[in-house]
Amino acid sequence: MENSGKFKRILVTAALPYTNGDIHLGHIAGAYLPPDMYVRYLRLAGYNVVFICGSDEHGTAIEMSAIKEGVSPQVIIDKYHFANKKAYEDLGIKYDIYSRTSTETHKKTSQDFFKVLNDKGLLYQKTEKQLYSEKEKRFLADRFVIGTCPVCGFEEARGDECENCGSALSPLELKNPRSTITGDTPVVKESTHFYFPLSKFQAMLEEWINSKPDWKPNVVNYCKGWFKTGLQDRAITRDLDWGVPVPLEGYDGKVIYVWFEAPIGYISITKELFEQEGNPEGWKDYWCKDDTKLVHFVGKDNIIFHAIFFPAMLMAHGDFVLADNVPANEFLNFEGGKLSKSRGHSIAVKDAVSRFNPDSVRYALATSLPENKDTDFYWKDLQAKNNNELGAILGNFVNRTFVFAEKYFEGTVPAAGEYKEIDSIIINSIKSYSSSIASYYENYKFKDAVSETMNLVRDANKYFNDTEPWKAVKEDIARCGTIINTCLQLCRSFAVLFYPVLPFSSEKLFRMLNISSEGETWESAAELKLHAGHKLNKPEILFRKIEDSEIEQ
RNA sequence: GGCGGAUUGGAGCAGCUGGCAGCUCGUCUGGCUCAUAACCAGAAGGUCAAAGGUUCGAAUCCUUUAUCCGCAACCA
């Protein structure tokens, strides 16, 4: 619906996680759960969609982690690549492909991209003075230099800014500079780098973003802030060992800047996906045709790269589609503090899923997504949402329905007789709910989509109460059958409508209903597909209660 | 200091092209008893951070202040 209509296919990307740490719930809420829900919805709704992600594995930070731990960068990226891949799987975040930027395909794709821009004469070179460590035989990135602040005299000022007085600094301004890695004194040495003329693309970018009225205000505001300052050209190469080498003679020891090369990963990973599927040219449909809708899901820290820098690169290159939307989220804070590993304010995905039902984690995050502003996440919220909403509203409705079918109808679907008005109302409401929920998904309003889905279950519980099947079972068994039939049909609707947010429970519900989830569509959620006499499986508890003691940890 | 964002009942959030202040949870009361002591109904609870301004009318627009957060281009 909406503007999906003019597109033949949708390519959804989730921000490539930087592979020097475990992903945590803040990342999930910001950039991974929303696209997973979006894609699951789109598939049910019948769209042609590809969902890709992968590890971002190059750059200064990874090389420095490797040096500090005394291992090769490969050890670092392997460790976190596989750990993060598993974390996504554990949470039910299901990509069509989860690859990485250390592949040959990616190396070639980003080098080709670089060469196209260079051959077009768009790039230029500039020589600048930089600090160089003779002992380590490397140029030092700003943040790996400390020294005495020329403004306030603070002796531990970092190369990019002084934490004491807040002055923005360049490492060349520091007095008595030294490497944070070895402590030795660097020398000033010249180095030549390629620059991307971002400033020349400002007008085109502004026009492009102005043509996107459906973008979230927070994203547009971010971009406008950058435009106001004026975009500056960016160096797109670095003096570093760990990365994609500059594909030209005479540039040994230089690699393509990770933020130039990483988003090209979206293209190379799409290529890999289609290669695996035996259709090596298939990726072009998704990247080179105007009727592809490209959507980048990112956290707000990545807006600059996905809404400004990467689009400018694509404009410069010329062969590729630009993003239709960048529905970036804000940050999710934990227990009232910033999510940061150093302050112990982060929850790694692996710690959350080892304790709780992944669907409970997904639901708790989905209902407090930082869509418009930073939000807070508390363990007790997860407990409350699991117990009071998933358990008491959804799980309990399913359970009370199944227990009736089990006890009074031999575990089968009873026949539906004549419908009364109250039955018709709830049955018709499934259709209106499914279309309003769909509209929320299409417009990236995931919190609203989830709470709207739960509202249908609230209505279902009211229906159960108002029709009083526990009385009907004694007075009018046929009437009771009609009610329980309706409730079972509702359960099937829930299995479809909750699939985007609660995939594991949805599957469980399909099993309990003894039907396959294969071939289910969003449209079918409103159909009454369970036939009288259909045998049900034994009911199971969908969401077990989380005790206080589990939360106190 | 500059730029951008935020501040709404006990908690977490929505509302912000200006028009009686909403949702979920929690609390209190009542109903029901099929069900994971779950479900349903009703109620209480907010001078929308503060001050000033525009307007017939402001949570919403403007100015100032306070607090918090992000950005500031070689971390990604």
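A note on names: the letters A, B, ... follow the listed sequences, proteins ahead of strands, and every chain is numbered from 1.
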Fill in: Between C39(B) (P) and Phe402(A) (CZ): distance, integer Å
19 Å
Discussion item. It should be established whether Tyr257(A) places a side-chain nitrogen or oxygen under 4.0 Å from OP1 or OP2 of nucleotide A76(B).
Written reply: yes
Worksheet item: Across the strands shown, which category fits Lys471(A) at heavy-atom distances under 4.0 angstrom: base, sugar-phosphate, nothing?
Response: sugar-phosphate
Worksheet item: Given the P atoms of C68(B) and U29(B), what is the spacing between them in whole Å?
Response: 40 Å
Item to complete: Would you classify Glu406(A) as touching base, sugar-phosphate or nothing, given that sugar-phosphate means primed atoms plus P, OP1 and OP2, and contacts are heavy atoms under 4.0 Å?
Response: nothing
Worksheet item: Do Gln383(A) and Asp548(A) get their side chains close enough for a donor-acceptor pair, meaning under 3.5 Å?
Response: yes
Item to complete: Pick base, sugar-phosphate or nothing for Thr60(A), based on heavy-atom distances below 4.0 Å to the nucleic acid.
Response: sugar-phosphate
Item to complete: Verify the contact: side-chain N or O of Arg234(A) to OP1 or OP2 of C74(B), cut-off strictly under 4.0 Å; return yes or no.
Response: yes
Discussion item. At 4.0 Å (heavy atoms only), tell me whether Asn396(A) reaches a base, stays on the sugar-phosphate, or touches nothing.
Written reply: base
Worksheet item: Does the side chain of Pro17(A) reach to within under 4.5 Å of the side chain of Cys53(A), using non-hydrogen atoms?
Response: yes
Discussion item. Go nucleotide by nucleotide along RNA chain B from the 5' end; which of Thr229(A) and Trp470(A) gets its closest nucleotide reached first?
Written reply: Trp470(A)
Discussion item. I'd like the C1' distance from A50(B) over to A66(B), given in whole Å.
Written reply: 7 Å
Item to complete: Go through the side-chain N and O atoms of Asp239(A) and Ser191(A) and say whether any donor and acceptor fall under 3.5 Å apart.
Response: yes
Worksheet item: When rounded to the nearest Å, what value does the distance between C1' atoms of G30(B) and A21(B) take?
Response: 27 Å
Discussion item. Using a 4.0 Å heavy-atom cut-off, does Asp301(A) contact any base of the nucleic acid, only the sugar-phosphate backbone, or nothing at all?
Written reply: base
Item to complete: Nearest-nucleotide wise, let me know which of Lys545(A) and Ala141(A) is further upstream toward the 5' end of RNA chain B.
Response: Lys545(A)
Practice prompt. Using a 4.0 Å heavy-atom cut-off across all strands, classify Phe464(A) as base, sugar-phosphate, or nothing.
Written response: base
Worksheet item: Looking across every strand, which nucleic acid part, if any, lies under 4.0 Å from Gly299(A) by heavy atom: base, sugar-phosphate, or nothing?
Response: nothing
Discussion item. When the P atoms of C74(B) and G18(B) are compared, how many Å lie between them, rounded to an integer?
Written reply: 40 Å
Discussion item. Applying a 4.0 Å non-hydrogen cut-off, can you work out what Gly395(A) is touching in the nucleic acid: base, sugar-phosphate, or nothing?
Written reply: base
Worksheet item: Looking at Arg458(A), does any N or O in its side chain come under 4.0 Å of the phosphate oxygens OP1/OP2 on C25(B)?
Response: yes
Worksheet item: Taking the P atom of each, how far is C20(B) from G10(B), in whole Å?
Response: 23 Å
Practice prompt. Identify whether any heavy atom of Lys407(A) sits under 4.0 Å from a base atom; if not, whether one sits that close to sugar-phosphate; answer base, sugar-phosphate or nothing.
Written response: sugar-phosphate
Worksheet entry | Consecutive Watson-Crick or G-U pairs in runs of at least 3, all under 3.5 Å, in which RNA chain B is involved | B:2-7 with B:66-71, B:10-13 with B:22-25, B:27-31 with B:39-43, B:49-53 with B:61-65
Worksheet item: Contact class for Phe543(A) (heavy atom, under 4.0 Å): base, sugar-phosphate, or nothing?
Response: base
Worksheet item: Counting just side-chain N and O atoms, does Asn387(A) come under 4.0 Å of either OP1 or OP2 of U36(B)?
Response: no
Worksheet item: Is there a donor-acceptor pair closer than 3.5 Å between any side-chain N or O of Thr19(A) and the backbone N or O of Asp56(A)?
Response: yes
Item to complete: Select base, sugar-phosphate, or nothing to describe what Leu140(A) touches, counting heavy atoms under 4.0 Å on all strands.
Response: nothing
Worksheet item: Quick one: does NZ or CZ of Arg234(A) land under 6.0 Å from the six-membered ring centre of Tyr257(A), within 45 degrees of the ring axis?
Response: no
Discussion item. Under 3.5 Å, is there a donor on one side chain and an acceptor on the other for Glu63(A) and His58(A)?
Written reply: no
Fill in: Ring geometry between Phe114(A) and Phe194(A) (parallel below 30°, tilted from 30 to 60°, perpendicular above 60°)
perpendicular
Worksheet item: Going through the checks in order, is the salt bridge (charged side-chain N to carboxylate O under 4.0 Å, His left out) test met by Arg458(A) and Glu452(A)?
Response: CA-CA 10 Å; Arg458(A) 292 190 169 95; Glu452(A) 188 74 349; over 6 Å; no
Discussion item. Base, sugar-phosphate or nothing for Glu389(A)? Non-hydrogen atoms, less than 4.0 Å.
Written reply: sugar-phosphate
Discussion item. Students often get this wrong, so: under 4.0 angstrom with heavy atoms, is Ile304(A) touching a base, only sugar-phosphate, or nothing?
Written reply: nothing
Worksheet item: Is the charged tip of Lys126(A) near the ring of Tyr195(A): under 6.0 Å from the six-membered ring centre and within 45° of its axis?
Response: yes
Practice prompt. Report yes if a side-chain nitrogen or oxygen of Lys462(A) is closer than 4.0 Å to either non-bridging phosphate oxygen (OP1 or OP2) of C39(B); otherwise report no.
Written response: no
Worksheet entry | From C3(B), C39(B), C74(B), nucleotide with atom closest to Arg238(A) side chain | C74(B)
